[in-house]
Each structure stands twice: as structure tokens, then as C-alpha cells.
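Working notes for the structure below.
Every chain is numbered from 1 and lettered A, B, ... according to where its sequence line falls, protein lines coming before strand lines. Treat the numbers as computed from the prediction; the structure is a model and nothing was measured.
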Number of protein chains: 2
Amino acid sequence: MADRRRITLKDIARDLGISVSTVSRALNSYSGISEDTIRTVKAYAEEHNYVPNTMAVNFRKNKTLTLGLIVPELVHYFFSSVISGALAEAKKRGYTVLVSQTSESLSNEIYAIRTMLGSSVDGVMISLSNETTTSEYLEELIEEGRPIVQFDKVLEGFKTPKVIVDDFDGAYAAVEHLIQQGYKKIAHLNGFKQVTNARHRLEGYQKALKDYHLEQPEEYVIHCKDISEEEGYRYTKELMESANPPDAIFCITDLIAMGSMKYLKENGHRIPEEVGLIGFSNWDMANFVTPSLSSVDQHGFQIGEKACQVLVDLLKSQEPLEDKTYLIKTSLVVRESSTRQSNV
Amino acid sequence: MADRRRITLKDIARDLGISVSTVSRALNSYSGISEDTIRTVKAYAEEHNYVPNTMAVNFRKNKTLTLGLIVPELVHYFFSSVISGALAEAKKRGYTVLVSQTSESLSNEIYAIRTMLGSSVDGVMISLSNETTTSEYLEELIEEGRPIVQFDKVLEGFKTPKVIVDDFDGAYAAVEHLIQQGYKKIAHLNGFKQVTNARHRLEGYQKALKDYHLEQPEEYVIHCKDISEEEGYRYTKELMESANPPDAIFCITDLIAMGSMKYLKENGHRIPEEVGLIGFSNWDMANFVTPSLSSVDQHGFQIGEKACQVLVDLLKSQEPLEDKTYLIKTSLVVRESSTRQSNV
DNA sequence: TTGAAAGCGGTACCAC
DNA sequence: GTGGTACCGCTTTCAA
């Protein structure tokens, strides 16, 4: 490896016959330096291809202009959108981003946080793993003076800024849409009761039904254990084979909806005529399946952008962490699976 | 922000009444230090929660244990798999990863490289943007002694290790499979002629046909301009409306295949009975569409892993960059779209 | 086996 | 407006 030694401030100072401090000030265009000196120094630096040694600067300033970003899953439409948004915003603000994934495991999460600390990121954006129920490991970061912003999957009791999807509103809109399409027996495949997002979506579902005086029997809400296609299939089967099958299903994620759709198609239930179907997350595949799947878009890109923005603002302002929640609105994407040609 | 000052080597030395260098050596378990000292120092460090200041270490050692990873697109099944693999391998080797995306733009790519240099990554893994035709910006990195490993979309003439998909082999397998399923008139929706991956897939297609004595007319190969669903649709229409329509189509990516499938379904061409269809990339959605799409899996995770492994080995060995190519084998995933029930 | 001390490349404070 | 210099925290050479 070449490793052609870079030119340093000292070199420039020597060659120009001035002091190191003057060179430093000139390059940073400090006030109290003559235009002349600035020009000379900058020209010389340019010509000799001077690049400041970031490690030295970081070390001296105790700042790295690097942010940490921790997600549960990387190969995932929503989270890759979040990362994309965070990267875009970070770039705008002059930061770089260290990415880590926890695969929904607490031990990986702890490791990631330690690594971030070790790499001296200035602050961290994190979406917690499903296993995380305490904030003690995260406190370490804060103790080190590295602010945290939580997004998507957050710990309510942990006092940091939070950027989350407006799950309640999204679920409400989805169910309201089904109602407006004339569906009257609307079931809901929900997730883990403990997970905040799941709870909010359930509440949105219930509120919409209540507002339209269409309360449903208890059996119409099923809590999935792991969010998988298989579960969507299995619970849809359960619902459809029950004495009182629904005429529409609101699924907590598109993956569940895929399983649901599979069952319905295999068993000759026509979508959307006989059964309406709607998902949540608006994966790329929602467009490509047949019938195309209506879904609630969570605007992952915006969430990443916002989380990064809040974090950088925090870094600049030096204010203490505020326990503030930023809700990002969803939007309903209506496709074939919930659109009845007739009765509306 | 709290910023509770961390304890330093100097603190430990003072409190223990020994010298800083001894503390440093003890903590790093250097030889030539008494077991006793090591134990005492480590215990004290542990107790007082000593964490070395990474920025100082980086500065001193001129190493960051951070790698750069540059991809054209982030919200993309293949690339997020690559990132996932690279992160996993990096973690194993004790490195962290700075991620950047170029959105297929050369100027973004240049910016990303500069940023990586600025952040003093030890080395970089990169998949080039479509706009990149010269390596001059990349040379900068190498001049700084930061090795590069290219993956997926590479510049042949740029002498660095390369980790790429065995496109030729994957295409060959796909076409061979179609032939074995009894298809005889196999068309190919290819990509940009200039792009290496596209060329290799075309060659694989041609070789398979040749080996089975099934050479096809020139009109059976169409070069898409931008890889989009619309193009898949448009060119499939062109093919099917021609005087001599094919009975199978090998698409350069799953996205093209989606457009193709859309056209075929809309126009009553039954898949796979009348027309066989096969894609390349094996997106998550290939499973969920109807009929499910046969596709060539590119093993993105493995590519990321391998790229990272090669890079770290390079970093450790300090050897000069070798112009070596690592081919990652694909695997054919056969699903409904290419499986004729009858004649095989 | 240990200590003293010289930096790594900047920044910023204090003089002049 | 400029120069001198201490120092950030750690590693490493040299000497004892």
C-alpha cells in the first residue's frame, strides 16, 4: 500500500515561513487574518493537495461528525427506506452514518450500542429490537454525552425524542376506507399486544368501527405471534372457516396480508368482491401481486429524515434530551384488493 | 448534555502511582509486564469503567477500524442483502461500516468517496453507479493507502479485487432450465449493452442456446434502456405481437419480469403453459406474485460477506491491491412461471 | 519490568 | 495580524 504521506500544517508553515497557527487560521478563514495570508496559504494548500487529517481534528474537537443508525432488520423495505432518508439528511448536514443491524436480538443491540460508543459517534438513531424492554444499555450513551433519537419501535418510558409512524391514524384510515367501500364485517389480524405499534393500530381499528357504529365481535381480532406469511394464512383460514366469517380483513403488515391473500385465493374467495383486504407498510410488492394490495404507506424515508434532523439539531443546540414525539402521517394507498366495483 | 468526563490512562496512572506507559501496556497485555501489574491495572480499569478513547487511538494508530460501503441504491432487495452480509462480516472482524448511497449518480459517488476519505475509513467496498466510466476518483483513495474492493457493478479496467455474481452461469442455468422444460423459442429482455452484468447474462443466454442447438433470431434479444416495469411490459408486447412470438422469456431482472408478467396476464397468455417466464435477482416478491416467478438468486448476502472479507484481509496483510475476481455462484429458484405440468 | 518523554496533527489560548 | 505553545489521550522508543 502506497500510503504517500499527506502534507500537514507544519509542512505548509515551514515552506511558507509562517507559523502553524496562522496556517490553521487561514485555512479555516478565521477573522483577524489578512486577506493576503489567507490567499497565499489556501493557494499553497490547494496546490499541494492538502487534506486535513480528520482523525486529528476529531480527536482534538471530540467530535466525529458521524451518527450511528441501528435497525432491527436491514433487508426490509421499510427500514431500508428509513436508512435512505437518514443518509440523505445526514449528507445535507455534513454527517456520515454508521449502520448496524440487530436482527431483533437484544444481545446484538447491546453490542451495536457498545460499538457505536467505541467508534465515538456523536449521536445515535435507533429502532429497538423486539426483545428490548429496558433502556439501561442506552443510558450509557447518554451518560457519555451522546444523544439518542428513537424511531419506529420505541420504548415509551425512555425519555428521548421519538419519531414514529402515526399508526392510529393509518389504521383508522384503512378501516374507514373499508367501511366506505361497503364492508361491514371487518376483522383485524394484529400483532404482539406488547408492541406499541400493534396497539396503536388496534386502537385505530376499534375507533373507526366505533365511529361508524360497526363494532365487531371479539373473535375478529387475532394477535399474531411472529409476523409471517404462514400466520396470515393460518389465521385467515381460522376466520373464514368460523361460523361467522368476515367480509374484510385489515392486516397489521403486508406480509400478513400476503398470507391472507394466499389463503383466500386458494379457497376461491374472490378479492375484493367477496372479501376486502388491506395491509400496512406498502411494500414494493403490493403493486405486483394479483389483485394489487391496498396498503398504508409509512413513509420510511421521511421517518429517517426526521430522526436525523432531530438528532443533528440536538447536537448543534447542545440542549438536553427532550421527551418529544414526532408523529409522521401515513397515507392510504388504495389498490384493487379493497375496491369494490359496485356498491359504494 | 451530561458529558461526564471519562477516566483516562493518566488518571489510572496517577491513582495507582505508576506510569502511563505501564498502564497502557498492562491494558493491552503486552509482554514484559508483570502479571501482578496487569491484574491490578485491569481490575482498577474495570472498576472505574475505563473505556479507551477511540479517537485518540485512531489518531495515534492512523487506523479507524471503519470500512466504507458505497451502493447505487439502498432501497433494493439485492443491495440491502449485500449490506447485511457486509455488516455481518465486518462485525465478526471487529470493524464498523459507514454506508453511503449514490442513487446511480456520478457526482454523488464522487462526493461519497470524498466523504469516506474525510472520515478516514481504512478501506472501501463499492458498487459503481451506472454513470461511472472512469476510475480517476477512486484512485485518490488508493493513493491515500486506503484499499478498495469493487463488487457487483465493477470497472473491469480498474485494478482492484472484484466480487461479482456469476452472471454468465446464472443466465446459462436459467435458459437451460427453460429448454429442459420444453420451451423452444426463448427470447431475452437484456439491459444496457455497456453494462458488464448485462453482457455476461446475454452471453450465458447465447451459450445455452448454442449448446442445445436452439439459436434464436436476432429480434429475440431486446436491450432495455432503463430497467423498469414499463419496459418489461412494452417489449413483451412487442415480442408477443410480432409475427413470430416466443414461447418463453428470460428477463434480465425480476422488475422487467414483473412488467412482462403483467402484459402476458392482461392479454390472456397463460404462464407457464403458453409462455414460460424467468427473472434474475430473486426478489422477495417473486414468491408472492401469481404465478410465482422463477428466478436466479444472486446471493447478495454472500457477496457482501466476501467483499468485506477480502477487504479486511487486504488491510491486515498490507499487500498491494491484486486484480483478482471472485465469482459468486448463483442459484436457480424454480417456481411456477417456468414449470410446465406436462411435457418435460 | 518499568518510567520518561516524544510525538501523532491539529486547535485555541495567550502574548506581542 | 501573527507567533509561540500547551494540550487532546494514547502508543512506542529509549533508557534505566
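Atom CE of M116(B) and atom CD1 of I70(B) lie 4.5 Å apart (nearest 0.5 Å). If you take CZ on R25(A) and CD1 on I18(A), they are separated by 10.0 Å, rounding to the nearest 0.5 Å.
For the pair N58(A) CG and dC10(D) C1', the computed distance is 15 Å after rounding to whole Å. In this structure, E35(A) places its CD atom 12 Å from C1' of dG1(D), rounding to the nearest Å. Atoms CD1 (I12(B)) and P (dG9(D)) sit 13 Å apart, rounded to a whole Å. Regarding M55(B), its CE atom lies at a distance of 15 Å from the P atom of dT11(D), rounded to whole Å.
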remark   = Counting primed atoms, P, OP1 and OP2 as sugar-phosphate and everything else as base, the B/S/- map of nucleotides 10-16 of chain C against protein heavy atoms under 4.0 Å is BBBB---

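The backbone N or O of K63(B) lies less than 3.5 Å from no partner atom in the side chain of D122(B), so there is not a single donor-acceptor pair.
The phosphate of dT2(C) (OP1 or OP2) has a side-chain N or O of S34(B) nearer than 4.0 angstrom.
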request  = Any chance you could lay out the salt bridge (charged side-chain N to carboxylate O under 4.0 Å, His left out) test for D15(B) and K10(B), step after step, and finish with the verdict?
outcome  = CA-CA 9 Å; D15(B) 296 355; K10(B) 205 192 286 180; over 6 Å; no

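Aromatic stacking is not marked for F59(B) over dC10(D), as the cut-offs of 5.5 Å for the centres and 30° for the planes do not both hold.
K42(A) and E46(A) are not joined by a salt bridge, as no carboxylate oxygen comes within less than 4.0 angstrom of a charged side-chain nitrogen.
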